[in-house]
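A quick write-up on the structure given underneath.
In what follows, chains are A, B, ... by sequence order, proteins preceding strands, each numbered from 1.
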There are 4 protein chains.
Amino acid sequence: MAEEMEQWLASLLRLGEAEKMTDKQIKIIQAAVEIFAEKGYAATSTSEIAEKAGVAEGTIFRHYKTKKDLLLSIVAPMMSKLVGPFLMKDFQKVLDAEYDHFEDFLRAVLNNRLEFAVKHAPVLKILLHEIPFHPELQAQFKAQLFPLVADRLVRIISHFQAKGELVQMPPSALLRLVVTTCAGYILMRTFLFREVAWNDEEEIERTIQFVMHGLEPPV
Amino acid sequence: MAEEMEQWLASLLRLGEAEKMTDKQIKIIQAAVEIFAEKGYAATSTSEIAEKAGVAEGTIFRHYKTKKDLLLSIVAPMMSKLVGPFLMKDFQKVLDAEYDHFEDFLRAVLNNRLEFAVKHAPVLKILLHEIPFHPELQAQFKAQLFPLVADRLVRIISHFQAKGELVQMPPSALLRLVVTTCAGYILMRTFLFREVAWNDEEEIERTIQFVMHGLEPPV
Amino acid sequence: MAEEMEQWLASLLRLGEAEKMTDKQIKIIQAAVEIFAEKGYAATSTSEIAEKAGVAEGTIFRHYKTKKDLLLSIVAPMMSKLVGPFLMKDFQKVLDAEYDHFEDFLRAVLNNRLEFAVKHAPVLKILLHEIPFHPELQAQFKAQLFPLVADRLVRIISHFQAKGELVQMPPSALLRLVVTTCAGYILMRTFLFREVAWNDEEEIERTIQFVMHGLEPPV
Amino acid sequence: MAEEMEQWLASLLRLGEAEKMTDKQIKIIQAAVEIFAEKGYAATSTSEIAEKAGVAEGTIFRHYKTKKDLLLSIVAPMMSKLVGPFLMKDFQKVLDAEYDHFEDFLRAVLNNRLEFAVKHAPVLKILLHEIPFHPELQAQFKAQLFPLVADRLVRIISHFQAKGELVQMPPSALLRLVVTTCAGYILMRTFLFREVAWNDEEEIERTIQFVMHGLEPPV
DNA sequence: AATGAATGAGCCTTCATTCAT
DNA sequence: GATGAATGAAGGCTCATTCAT
């Protein structure tokens, strides 16, 4: 079963999944992502996708049995990649070696995930909007990904608590504060106020200082 | 124009808007809120709403010219009420008098808005999901509500900065950190993990301490 | 359960079922019968039916949830009416009283069912063609109607056997010979060679004499 | 023209028509027969046939220009073979020599055609169902096969009438009674109640006695 | 000969909306 | 004000058929 899990992770994280995709299939996906992100899944018609992809409507259904299939083929892999870094094998060990301080860890994660969000903004937007309406997606997230991720992060936080870098408080509570603050910046910057000219370096540094001071153990 | 604005605010904030609503109209709104929240606006059919409301299909269109009208009549007022407290006349003066410390202000706002979110969770969920897909809503928010609210909050933050309670940093940056942290808790608690048994008092206190330490001016 | 059965029969045999049917609904049925009979159910499109009925396509689906529903609403009642006379309450007693000889019975049935077939030829044609492809119809026939009918006919045949009017042979075998001969004429006359100018009286008489001689007990 | 006719008959009756058929072609025909018989021609998709036959969708159309072509290639030859015995050269002479009595003829025909029906039940079922919906098939039957067959049978019946074995009545009327009775048994046994364990020998004998007595000339 | 991706017309069905009652 | 039958445009999807490989 550990074997199985490793394979599952590997397959989930595979980034260049353009294997075996025909030219038209790629165009379909691109068009779908674009329109789903713009109008939402339910408000998008397959004929619209076909037109934008420059493909006959029937072609969509040769590659994806249903419209929902098309959505899932876009969104399900993204979900895994979103939390990918936290699923790496020996995640914690890598961390222990690499990051002397929680601050370094935070900086690495924030930069990495911000870059990811910027690069995949449209798919991410689709994912965020559709998760509440598609039980399969919710299930995949709540039953499989979330527990794994939460577990690993809690261990890391506990580690730095033990080192005396973070205030004493239930790790899950710490986790919430850290995640909200980091995700808050990424979402604001990527979706809510995309048009603002953000100085990412500065904002990230500010965010890190805010978190570090906020969670500093009392002297 | 200032007159006009006051009236607009007043009308927006009117909570008990059940005036003039017939019995059936109320049932329609209730049904619509329920189903919109569950499946999303675009995936909800008017016939479904009619059925759940126990009215004829035509009745909906007697009260709301279009399906979108129905959505707006639900969501637009909510948007104003969501930021209602920040729109109150003489908001800052009230604050100056009432809250000696930023911490008190934070506590008051967090409690108040959490209560509001819990009470209006379904409509809030609809609002959050539909804003990106309906330009009218975005316009109302970005052009009218947001500037007002941001302006008032920035003033308050500047006030406490001047008092030496908050670290020196552009007020808008401070605002972002505060808002994400507060909104983060409310959203997590109300939508993402509603089933968890949250100890609101404790979590709010934790959140406040986090913010206050995070934004403490250096000694 | 006997109660239930009686009600079921009653409802099945109700001929004038135009109750509550709107004008358009009747036109839909008429058009559907006509085209189903001409091209078969599967080869008929709902748009074709709508056009012939002078109705919008959507109207069909307001009255019949699916195309198949439309078929069943035409064909299922017909099935009961087809064997209606054999399902009458106290069928055998009526017979005993009314028909002194098997020949009289045969004559009555042949005339009655021929008239019926001529009158309902199109629906009958649909029924005959669709039964093999729709399990619901088969079930209704094989599980409910057929046993009842066969049972009653077997009793009648046994009755006339006992009276010495029919040759000794398993009643079911007798039944088969009688039914194929009678149905054979009706089907030939109504479907296979409709264009021929049949002299019904003469042919029926011939058929009856054929059956009576063919089943005469040996002297 | 007589020449032509003979060749036509010969070609129609050719039984082992597997000549020149590739392996895949045979599989296509087998699959088509199976599914056409199960769901009807119009309700069967070519992709379904391709799948069951284990060939690519395109392969079907390499051998049969259209779906209808495929149907005709199955059903048209069967039609001739169905009435094959009655089309044999010198049919009547053969009869005169071979069968002393009408009863013998009946017995031979019944056995032979029953065996044929059992062997080719699926194709026969397709033929029976599709004839009314395909003018070409109807034409072939009504214009070419039926007149020939009817003519030959009428001659035979007249022959036995002249011999005093059959009652005096228009030969076409006699034909109808005989055909209905015989076909009735075969169809019932082969399609309507296939699952019953029929004792063919007994039933055929019963059927023959029924016909012979039914058509016995008066003493 | 065989494949299977691609097509686009057409299918059944749903939908928001109208209107006579 | 309320109804619900009627609409017809549009939706997702299937189909027979073609064609480059």
For the pair made of [atom1] in [X] and [atom2] in [N], what is the distance, rounded to whole Å?
X: Q25(C); N: dG4(F); atom1: CD; atom2: P; value: 15 Å
X: I49(C); N: dT7(F); atom1: CD1; atom2: P; value: 15 Å
X: E51(D); N: dG4(E); atom1: CD; atom2: C1'; value: 14 Å
X: I28(A); N: dC13(F); atom1: CD1; atom2: C1'; value: 14 Å
X: K27(D); N: dT3(E); atom1: NZ; atom2: P; value: 9 Å
X: Y64(D); N: dA1(E); atom1: OH; atom2: P; value: 12 Å
X: K24(C); N: dT21(E); atom1: NZ; atom2: P; value: 12 Å
X: I60(B); N: dC19(E); atom1: CD1; atom2: P; value: 18 Å

Point to revise | Partner residues of K27(B) under the salt bridge (Lys or Arg N to Asp or Glu O under 4.0 Å) criterion, sequence neighbours left out | key: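 So K27(B) forms a salt bridge (Lys or Arg N to Asp or Glu O under 4.0 Å) with D23(B).
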Practice item. Could you list the residues that satisfy ring-ring contact (aromatic ring centres under 6.0 Å, His included) with F133(C), not counting sequence neighbours? Key: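 Testing F133(C) for ring-ring contact (aromatic ring centres under 6.0 Å, His included), a comparison that skips the adjacent residues, returns H129(D).
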Exercise for review: Under the ring-ring contact (aromatic ring centres under 6.0 Å, His included) rule, collect the residues that match up with F36(B), sequence neighbours excluded.
Suggested key: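 Scan of F36(B) (ring-ring contact (aromatic ring centres under 6.0 Å, His included), adjacent residues dropped) gives Y41(B).
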Review point. Between M79(D) and I131(D), which heavy-atom pair has the shortest distance, and what is it?
Key: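 Distance-wise, the nearest heavy atoms are SD-CD1, 3.7 Å.
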**Study point:** Selected nucleotide, minimal atom distance to V55(D) side chain, candidates dT3(E), dT7(F), dG8(E)
**Key:**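 Looking only at side-chain atoms, V55(D) lies closest to dT3(E).
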**Study point:** Among dT3(E), dT7(F), dA6(E), the nucleotide that comes nearest once only the side chain of A56(C) is considered
**Key:**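 Looking only at heavy atoms from C-beta outward on A56(C), the closest nucleotide is dT7(F).
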Check your understanding: salt bridge (Lys or Arg N to Asp or Glu O under 4.0 Å): which pairs involve residues 128-142 of chain A, sequence neighbours left out?
Key ->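 Qualifying pairs: K68(A)-E136(A), K142(A)-E195(B).
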Practice item. May I have all residue pairs that pass salt bridge (Lys or Arg N to Asp or Glu O under 4.0 Å) and include part of residues 42-54 of chain A, sequence neighbours excluded? Key: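 Output for this query lists E34(A)-K52(A), K39(A)-E48(A).
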Check your understanding: Can you list every side-chain hydrogen bond (donor to acceptor under 3.5 Å, both in side chains) pair that touches residues 53-63 of chain A, not counting sequence neighbours?
Key ->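 Output for this query lists Q25(A)-H63(A), T46(A)-E57(A).
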Exercise for review: Using a 4.0 Å cut-off on protein heavy atoms (strictly under), produce a 5'-to-3' string for nucleotides 12-17 of chain E with B for base contact, S for backbone-only sugar-phosphate contact, and - for none.
Suggested key: BBBSBB
Check your understanding: Is there side-chain contact between L71(B) and Y64(B), with at least one heavy-atom pair below 4.5 Å?
Key ->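 Side chain of L71(B) against side chain of Y64(B), heavy atoms only: no contact under 4.5 Å found.
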**Study point:** Results of side-chain contact (heavy atoms from CB on, under 4.5 Å) for V123(B) - residues two or more places apart only
**Key:**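 Scan of V123(B) (side-chain contact (heavy atoms from CB on, under 4.5 Å), adjacent residues dropped) gives V33(B), I74(B), M78(B).
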Review point. How is the base pairing of DNA chain F summarised as a dot-bracket string, given the Watson-Crick and G-U wobble criteria with both distances under 3.5 Å, [ ] for crossing and | for another strand?
Key: .||||||||||||||||||||
Point to revise | Phosphate contact (dG1(F) OP1 or OP2) by H63(B) side-chain N/O below 4.0 Å | key: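 Result: no.
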